[in-house]
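Data block below; observations after.
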Amino acid sequence: MVKGLVLGLVFQVVVAVGWTLIGNITDIKSDLFKTMLILCVGGVIAVAVVLYLQVSGRSQLVTLSGRDILFLVLGSTLALVVGEFLYVVGLSASNLTTMALTALAYPIVALVLDLVLRRVALSSFTLRDFVGIGLSVMGFILLVYRG
């Protein structure tokens with residue numbers, strides 16, 4: 001658990017530094033173009049890693065079924081292309097701090113999605129789970145409410 005918390009915090013720091021660096025690029029006015037450039041750079045890095053893993057024999061590409069590839073394409077399109085575009089547009093409409101606060105909604109959205117997809121049953125929740133969910137929702141509301 002501690003390892004997950006530490007890695008989660010390091011992730012948040014790395015992402016904040018990355019977006020701060022990208023925010024210094026003021027000559028690109030189009031949010032869509034900036035998003036696509038970000039994805040292109042990330043894609044080049046990802047291709048290099050995939051090729052390295054493939055050549056080293058540690059790749060797992062051969063185990064992917066057609067359904068897995070479809071899910072990978074759809075998930076990547078939503079998470080990266082649509083998600084990054086919305087994030088960049090959100091940054092241009094507000095600031096990094098406000099956009100970072102929206103990350104607090106992720107666990108609740110993921111939970112609702114898991115409930116809808118029946119990957120988790122509501123009956124498996126304990127009082128501790130409900131209290132945690134309630135505190136998360138209240139914390140999010142308190143942080144984003146400007147009164």
Side-chain angles (χ1 to χ4, degrees), residues 1-120 128-147:
M1 172 130 167
V2 172
K3 182 178 179 181
L5 290 171
V6 169
L7 290 173
L9 290 172
V10 170
F11 163 77
Q12 294 297 339
V13 169
V14 168
V15 169
V17 169
W19 281 110
T20 300
L21 292 172
I22 291 168
N24 288 329
I25 303 170
T26 57
D27 292 338
I28 300 174
K29 303 300 181 209
S30 168
D31 291 331
L32 179 62
F33 187 67
K34 188 182 281 190
T35 302
M36 293 309 115
L37 283 175
I38 293 166
L39 293 173
C40 285
V41 171
V44 168
I45 294 168
V47 165
V49 171
V50 166
L51 289 175
Y52 168 76
L53 292 173
Q54 190 70 21
V55 169
S56 69
R58 293 188 284 181
S59 172
Q60 299 171 346
L61 290 176
V62 294
T63 63
L64 295 178
S65 67
R67 181 176 182 231
D68 291 339
I69 292 171
L70 176 64
F71 285 163
L72 183 61
V73 168
L74 291 174
S76 298
T77 301
L78 288 173
L80 294 176
V81 177
V82 177
E84 289 300 314
F85 177 71
L86 292 172
Y87 197 80
V88 168
V89 170
L91 281 175
S92 65
S94 61
N95 57 53
L96 184 59
T97 303
T98 301
M99 288 305 293
L101 290 175
T102 64
L104 297 172
Y106 178 81
I108 302 301
V109 173
L111 174 63
V112 169
L113 189 58
D114 275 347
L115 288 168
V116 168
L117 296 175
R118 297 183 182 196
R119 290 198 278 187
V120 66
R128 181 179 176 175
D129 295 323
F130 286 114
V131 169
I133 293 166
L135 289 172
S136 294
V137 170
M138 288 188 318
F140 178 76
I141 290 170
L142 287 171
L143 283 170
V144 298
Y145 182 67
R146 301 280 182 212

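In this chain, numbering begins with 1 at the start of the sequence shown. In this text, all values refer to a predicted model and were calculated from it rather than measured experimentally.
Put simply, NZ on K34 and CG on L91 are 8.5 Å apart, with the number rounded to the nearest 0.5 Å.
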Exercise answer: donor-acceptor pairs, residues 73-80 side-chain atoms, under 3.5 Å, sequence neighbours excluded:
residue	atom	partner	partner atom	Å
S76	OG	L72	O	2.7
T77	OG1	V73	O	2.7

Return all side-chain donor-acceptor pairs below 3.5 angstrom for residues 41-48, not counting sequence neighbours, or 'none' if the list is empty.
none

Which pairs would a plain distance check flag for residues 16-29, meaning a side-chain donor or acceptor within less than 3.5 Å of a matching protein atom at least two apart in sequence or in another chain?
residue	atom	partner	partner atom	Å
T20	OG1	A16	O	2.7
K29	NZ	T26	O	2.6

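Legend: residues meeting side chain to side chain contact (heavy atoms under 4.5 Å, CB included) with Q54, ordered by chain and number and at least two apart, are S59, L61. Take L113 and apply the side chain to side chain contact (heavy atoms under 4.5 Å, CB included) test, not counting sequence neighbours, and it matches L117. Residues satisfying the side chain to side chain contact (heavy atoms under 4.5 Å, CB included) criterion with S94, sequence neighbours excluded, are T98, M99. In this structure, the salt bridge (Lys or Arg N to Asp or Glu O under 4.0 Å) partners of R119, at least two apart in sequence or on a different chain, are D114. For F85, the side chain to side chain contact (heavy atoms under 4.5 Å, CB included) test picks out D31, L32, T35, V89, with sequence neighbours left out.
Sorted by first and then second residue, the ring pair (Phe, Tyr, Trp, His ring centres under 6.0 Å) pairs with a member in residues 30-75 form an empty list; sequence neighbours excluded.
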